[in-house]
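The structure appears below as structure tokens.
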Protein chains: 2
Amino acid sequence: MRDGPDIAYVAALIGDPARANILTALMSGKALTATELSGEAGVSLSTASSHLSKLEAGGLVRARKSGRHKYFSLASDDVASVLEALMGLAAGTRQLRTRPGPRDPELRRARVCYNHLAGDMGTRMYRCLLDRGILIAKGDLLDLSEAGRAFVGTFGIDLDALPRSRAPLCRDCLDWSERQAHLAGQLGRAMLARMEDLGWARRVAGTRIVRFTREGEAGFAETFGAVEQRL
Amino acid sequence: MRDGPDIAYVAALIGDPARANILTALMSGKALTATELSGEAGVSLSTASSHLSKLEAGGLVRARKSGRHKYFSLASDDVASVLEALMGLAAGTRQLRTRPGPRDPELRRARVCYNHLAGDMGTRMYRCLLDRGILIAKGDLLDLSEAGRAFVGTFGIDLDALPRSRAPLCRDCLDWSERQAHLAGQLGRAMLARMEDLGWARRVAGTRIVRFTREGEAGFAETFGAVEQRL
DNA sequence: CTCATGGTTCGATCTTAATCGAAGCATAAC
DNA sequence: GTTATGCTTCGATTAAGATCGAACCATGAG
């Protein structure tokens, strides 16, 4: 029965507390240096370095060196997806949540998932885009409709300017706190970036929290419809 | 940055080779006894028992005892989803596939994913159901259309007879080999079961492989359309 | 009842790998 | 050039947990 890819290797990679902390920190979407990550993980620089090389060898993170700094980030959206899915399991599965934490409500409301908007507001935006026919779901694939291209344009995003990478334009990603999908992929990244440019929201340093301004709340509500909380 | 659910615990649970083998074996969808699983994992009965109690405590597997046997199965579709996702990472990520294995092509063609059809044929069926409007994708949620109810009925599935559990009727699940979605949930389970009833396919004992008969291939092609391999 | 079988628990052993500090390298600042 | 900073490598220590066999419990078969 030992068919298929060997899960154990990847899972063990994620399964160490220090490495899990590192990966969680990278879910913020920011590229972080080894020193910063050692702090996040609560571990000495040398051990962090060792962990990072393992994560890189395992294809979970990607490193770019710039000068005497080495910046680490998640290797792909796929990795972020798996991490979110694991969080979903961990949240639902553990008998007692260790510490719900004071920041928990804020995290559930709006947070960053690698580089796109997640949490309640993320899933709300996603549902709205679907309801309006801006996005068209084809199974797990997402298409941007003609109307959608227009919408995105007026929102201030230049599609042609997006990096033409291997990564798909639209993807969905299962949200651990809402247990619904939110928008990922290049477009998801661009949407969040645009909201930050507009001054709607900004990330809280050192966390995954995204905090909306008063104007941001208003703009978001206007653009993505009424706030009807889940059905 | 230590916000959100703690991934490490769950990931470490999956990350031990013996436990990973156990979980992979349970992906066959069959409930297996501790003794059988110890064989699958290549480990003594006592260690398997220890692993199983950890997996149960962690909420990954569920145990039912019947007489002096104790049957283990995956705790939920969610767990199966996460395992498939991890397989996707492991398949894409590892620099050199350890051993593609002789059964690999068969696995990629048609296999069981917990209790529904996966692999090339699984994703083909899924795409067909969407194209014909039998299933309607609403983000990550799937609805069965009116036409769909009729279709499912003529295929020989009594929807009302399905267990009315907490689990959703339709779900999608990301296929590790095809990197596309296939159908999961109660309906996915029922579809596969019906195919087995019809004599279209049967599971190969001791593996996740699903092998179609000649008539099964024909019926499948007729029911789910031309065989146009991926676009 | 006795016996066999499936499973769990216990204790001891042993391997793996996480950890740190110190030393070494490379790059940038001066 | 010299010095400081970011990171890696090395070696030694240590702790966690995977493993097994033996003893033990529970259930079903006879």
Side-chain angles (χ1 to χ4, degrees), chain A residues 1-2 6-26 30-73 75 94 98, chain B residues 1-2 6-26 30-73 75 94 98:
Chain A
M1 192 74 76
R2 320 250 182 82
D6 118 6
I7 317 184
Y9 174 74
V10 187
L13 226 37
I14 308 175
D16 174 81
R19 284 193 294 260
N21 284 336
I22 288 176
L23 292 170
T24 306
L26 291 177
K30 294 184 57 164
L32 298 170
T33 67
T35 312
E36 289 169 321
L37 288 169
S38 75
E40 294 290 346
V43 99
S44 88
L45 175 60
S46 60
T47 60
S49 172
S50 152
H51 284 311
L52 284 166
S53 63
K54 284 173 191 171
L55 288 173
E56 191 180 7
L60 294 183
V61 310
R62 202 164 51 97
R64 273 162 306 182
K65 53 171 30 168
S66 149
R68 61 180 160 182
H69 293 268
K70 196 166 176 184
Y71 289 97
F72 292 89
S73 50
R94 290 230 53 179
T98 357
Chain B
M1 193 73 77
R2 318 248 183 85
D6 116 2
I7 318 183
Y9 173 75
V10 187
L13 227 37
I14 308 175
D16 175 81
R19 285 194 293 262
N21 284 336
I22 288 176
L23 292 170
T24 306
L26 290 177
K30 293 185 58 165
L32 298 170
T33 67
T35 314
E36 289 169 321
L37 287 169
S38 75
E40 293 292 345
V43 98
S44 89
L45 175 59
S46 60
T47 59
S49 173
S50 153
H51 285 311
L52 284 167
S53 63
K54 285 172 191 169
L55 287 174
E56 192 180 3
L60 294 184
V61 310
R62 201 165 51 97
R64 275 162 303 182
K65 53 174 25 169
S66 149
R68 62 180 159 183
H69 292 268
K70 196 167 177 184
Y71 289 96
F72 292 89
S73 50
R94 292 230 54 178
T98 358

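Quick note on labels: first sequence line is chain A, next is B, and so on, each numbered from 1. These numbers were taken from a predicted model, which means no experiment stands behind them.
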Using side-chain heavy atoms (C-beta onward) and a distance below 4.5 Å, is [X] in contact with [Y]?
X	Y	value
B:Y71	B:L32	no
B:I14	A:V10	no
B:L13	B:L60	yes
A:L37	A:L26	yes

Under 4.0 angstrom between A:H51 side-chain N/O and C:dT19 OP1 or OP2: yes
Short side-chain N/O contact from B:R68 to OP1 or OP2 of D:dA29, under 4.0 Å: no
How close or far is atom [atom2] of [N] from atom [atom1] of [X], stated in whole angstroms?
X	N	atom1	atom2	value
B:K54	D:dA16	NZ	P	13 Å
A:N21	C:dA18	CG	C1'	14 Å
A:L37	D:dT8	CG	C1'	15 Å
B:K70	D:dA26	NZ	P	13 Å
B:L55	C:dT8	CG	P	12 Å
A:H69	D:dT5	NE2	C1'	8 Å
A:Y9	C:dA17	OH	P	11 Å
A:I22	D:dC7	CD1	C1'	14 Å

Between [options], which nucleotide gets closest to the side-chain atoms of [X]?
X	options	value
A:V43	C:dT19, D:dT19, C:dG6	C:dT19
B:T35	C:dG6, C:dA18, D:dT8	C:dG6
A:D16	C:dC20, C:dA18, D:dT9	C:dA18

Sugar-phosphate, base or nothing in reach of B:A18, heavy atoms under 4.0 Å: sugar-phosphate
Sugar-phosphate only, base, or nothing, as touched by A:T33 at under 4.0 Å among non-hydrogen atoms: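 Contact class for A:T33: sugar-phosphate only.
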For the student: nearest non-hydrogen atoms of A:S38 and A:L45, plus distance: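 In terms of heavy atoms, the two residues are closest at CB-CA, 3.9 Å.
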Donor-acceptor pair (no angle test) under 3.5 Å: B:S46 side chain, D:dG21 base: yes
Of A:S44 and A:K65, the one whose closest DNA chain C nucleotide lies more 5': A:S44
